[in-house]
Amino acid sequence: MSNHASYTVSNLGYPRIGEQREWKKQLESYWKGQIDARQLLSGLKELRLSNLRKQKEAGVNWIPVGDFTLYDHVLDHSVAFGVVPDRFAAIEQKDELSLYFAMARGASGINAGEMTKWFNTNYHYIVPEWKSGFTPKLVSNPWLAAYNEAKQELGIDAKPVIVGPYTYVSLSKGFSRDQLADIVRSFLPVYVQVLQELQAAGASIVQIDEPSLAGDVPAEHWALLEEVYQALRGATRLKLIVQTYFDGVDDLPSLYRLPVDGFGLDFIHDRGLNLKGIAEHGYPQDKLLAAGIIDGRNIWTANVAQTLELVQELQKHVKAEFIVLQPSSSLLHVPVTLKYESKLPQETLSALAFADEKLQELQLISRALTDASSVAGKLEANAAIFAALKSSPERNRFSGDAGKQEDAVLNRKSVFASRYQQQQERFQLPLLPTTTIGSMPQTADVRKARQQWRKGELSNENYEAFIDAKIAEWIKIQEDLGIDVLVHGEFERNDMVEFFGEKLDGYIFTANGWVQSYGSRCVKPPVIYGDIVHTEPMTVKETIYAQSLTQKPVKGMLTGPLTMLNWSFVRNDLTRREVAFQLARAILSEVKALETAGIGMIQVDEPALREGAPLKRRDWDDYLRWGVEAFRLSVASAQDTTQIHTHMCYCDFHEILDAIEDMDADVISLETSRSHGTLIQALRKESYEKGIGLGVYDIHSPYLPEEAQIKQVISESLEVVPAERLWINPDCGLKTRNVDETIESLRRMVDAAKELRTVTVGS
Ligand code: GLN
Ligand code: ZN
């Protein structure tokens, strides 16, 4: 290995939320009016500086600035570039902060900007809205402000991070794709100005994030990209690094043609693509390689021996002094620090690395590359962690005899038509049966009881009695409303993944492993640490209690394998497919347990199926194939007379209609208020052959649905789905709604269904 003097260590972005979610707390106090703007801004400045200080102390040479934000960094770009939709005009007159938060969260009578997932992560950004005829202008330069602040306050010569024009525009909406090139060009003067102001302030290097280059880049866009980066190159002497992440870049030779100083490549989530590309095409001798060598979006300790091999491999093509060591992406996607995880056993803890620990890992790797003997002990300790993990009982539950699992059953006994008929004989449902998605309002009393129970202030017995009373209350409400297929209401669940994770073997939970999901909202994803095993029935008690109270069928409610997978941090020693299959087997055990207990309908939710799809379209087939197989494995052994439901929401279903059909659920309920038109269009072209419920009202809307509106949706749906297979349901679970609006909305839904039933039968 090289004896190069030292490596530059870079970071691409640091979590903004603070060690104790100070960020969230301050924002929310401000929104509640408990602190004023001055207090908010000074509180956040303190946090921002402390984040920088920590990175400096961790030995990071290129410390990012501009990654911190008051809500979302993409929104920061929109505001800085004047990309403000006209509906905010009245607020634009007020102060900057009001405008900013109105765009983020809406204001009275004005909708917020749309929120969408940042690539295939669970971080949501505010979608920039392009307006035709608009000319971008630099309203403010937050990158300059951040650069100056770091320099003045801490003496740090930081690296501003900005989303590049190609990615920024690609993520925007409000234009047709053939306008993209011109719109990108229209941003050039703005980017030039940002860079020139940074240069004048003394900055030396800028990271330009272009993650879109790791997706599907149409061949003709590379000419545009060359033109864009020519223009930026010509305007500044700053070192420019074009940074990609979350996958490999397909066309490295085209990337190499961009006239910049270096490229950031992800060697963790690229499935070998970048390394393969470099082996094939080499690497430009005069450019830096900012090498993403430790996982920026998962929480596992780096395997240092493997990482060193990777760097060694890279050094076959790139001179050591041109290699920069860095995480594969911004650390925004991992929690801040392990230092509050006092409850985890040491061997578990040592397998984890959050943002702060990842920065230490980079130091370790850097030293191992330059002077291995100085860190020999640490390297040994790291190797020991992986040896222990490999032989840990948690990760070897299926070895030996336990490994002989029965062959996966992926097909139901009979085809859909025959099953559906047998099910109809069993359940005798009316035409256009009504149902809900599962959860009923999680009112304050429900949350309070759970908290008290968790703290030990409420006994198991009393908590269960409370849940049972809730179930009874809502079974009665649903019966009175005349709903046909009932649910128990999910009152015992806080979160649809965590609830099951806590009951399955193989999951662990962190105390403080928060990551930002959107705005001030943080999530604490459970961690799939070991082999997943079903040890006891998880939902039978509540479900059979609900069923005992009514003659109508009660649907059992489970979370599907893909959703469990996509909403957890997943162990990385197995493929995602293998883990999904473990989850599927565990869910299958629960399906069996419910069946044995006499439950005739079981819903296995898969709201996160679509979001687990890879960035590149060509990889979708493979993902959807095993994803659908995992789902089928979780339900296919059910009896013909057991009706399997599934539910999905908030995604472009028309893109994956074939996969949905392949899931072979007897009934699927879909959210359609946001995508109704497109889905109906798609169903016109390609009919869906099984039971389907197209959500008849938007459960997120603050307004009650009009009955006429509901009937309209049902009538439109009847044009593409025959009445015998159409179900009537809301868009999604009702846990966030209050009791009165839930009852009234459902009443209107049931009325609409009843009315259309008679019309449909008569016609
Ligand atoms: N059954 C779940 C509920 O009703 C489904 C939630 C979801 O789709 N995210 O809450
Ligand atoms: Zn949903």
Side-chain angles (χ1 to χ4, degrees), residues 115 117 122 124 434-443 446-447 450 467 470-471 474 477-478 483 485-501 517-518 521 523 525-526 538-539 542-543 546 554-568 587 590-591 594 599 601-612 631 634-635 644-653 656 660 663 665 667-676 679 692-701 727-739 741-742 745-746 749:
M115 229 165 36
K117 278 174 196 280
N122 194 27
H124 301 70
T434 51
T435 190
T436 61
I437 305 304
S439 59
M440 289 302 179
Q442 292 247 337
T443 40
V446 178
R447 290 197 303 269
R450 187 182 307 119
I467 297 290
K470 275 280 157 196
I471 293 173
W474 277 89
I477 294 173
Q478 294 173 80
I483 294 177
V485 171
L486 312 192
V487 296
H488 77 284
E490 302 182 21
F491 301 105
E492 76 286 10
R493 305 180 191 176
N494 165 40
D495 174 278
M496 65 189 289
V497 173
E498 187 178 62
F499 174 80
F500 290 99
S517 171
Y518 63 88
R521 208 185 135 91
V523 293
M538 305 182 280
T539 62
E542 290 82 5
T543 315
V554 172
K555 275 191 287 190
M557 246 344 120
L558 307 176
T559 301
L562 276 296
T563 300
M564 295 293 289
L565 185 79
N566 289 330
W567 289 352
S568 305
I587 295 158
E590 188 66 13
V591 167
L594 285 167
I599 298 301
M601 292 190 183
I602 300 169
Q603 178 173 313
V604 179
D605 289 326
E606 284 292 21
L609 173 84
R610 160 67 185 88
E611 71 185 57
F631 177 83
S634 73
V635 295
I644 297 295
H645 290 235
T646 188
H647 162 71
M648 295 171 65
C649 45
Y650 309 108
C651 72
D652 293 327
F653 304 109
I656 53 168
I660 296 179
M663 289 165 78
V667 182
I668 183 166
S669 54
L670 296 173
E671 163 272 332
T672 54
S673 59
R674 302 200 187 169
S675 51
H676 185 68
L679 185 60
I692 182 167
L694 303 175
V696 296
Y697 72 87
D698 179 5
I699 63 105
H700 285 110
S701 165
W727 285 63
I728 309 299
N729 51 260
D731 259 355
C732 192
L734 299 164
K735 73 178 192 182
T736 58
R737 309 317 305 184
N738 71 35
V739 172
E741 65 191 354
T742 298
S745 306
L746 291 176
M749 181 185 89

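First listed ligand is number 1; within each ligand, the first listed atom is number 1. In what follows, every heavy atom counts, from backbone to side chain, and hydrogens, waters and symmetry copies are set aside.
Atom numbering of ligand 1 starts at 1 in the shown order; those under 4.0 Å from a heavy atom of Gly438 are 4 (O). The atoms of ligand 1 that sit less than 4.0 Å from any heavy atom of Gly733 are 3 (C), 4 (O), 10 (O). Per-residue contacts place Cys732 under 4.0 angstrom from the following atoms of ligand 1 (heavy atoms of the residue considered): 7 (C), 8 (O). Taking every non-hydrogen atom of Ser439 and a distance limit under 4.0 Å, the qualifying atoms of ligand 1 come out as 3 (C), 4 (O), 10 (O).
Nearest N/O/S atom of His647 with respect to the Zn ion (ligand 2) is recorded as NE2.
Arg737 places no side-chain N or O within donor-acceptor distance of the main-chain N or O of Ser745, the cut-off being under 3.5 Å.
Using a 4.0 angstrom heavy-atom cutoff, Met496 counts as in contact with ligand 1.
Below 3.5 Å of separation, one finds no N or O of Lys735 facing any N or O of ligand 1. Looking at ligand 1, you'll find an N or O of His647 within less than 3.5 Å of one of its N or O atoms. Where the criterion is an N or O separation shorter than 3.5 Å, residue side chain and backbone included, Gln603 fails it with respect to ligand 1.
Side-chain contact between Ile728 and Thr435 is absent, with no heavy-atom pair separated by less than 4.5 Å. A 4.5 Å side-chain heavy-atom check between Val591 and Ser634 finds every atom pair outside the cut-off. Contact check for Asp605 versus Leu558: no side-chain heavy atoms found under the 4.5 Å cut-off.
Closest to atom 5 (C) of ligand 1 among all protein heavy atoms lies Asp605 OD2, 3.4 Å.
Under 4.0 Å from ligand 1, the heavy atoms of Cys649 that appear belong solely to its side chain.
With 3.5 Å as the limit, one finds no donor-acceptor pair spanning the side chains of Arg493 and Gln442. No hydrogens or angles considered: nothing links the side chains of Thr646 and Gln603 as a donor-acceptor pair under 3.5 Å.
Using a cut-off of 4.0 Å between Lys/Arg side-chain N and Asp/Glu carboxylate O, Glu490 and Lys735 are scored as not salt-bridged.
For His488 and Trp474, the ring centers sit 6.0 Å or farther from each other.
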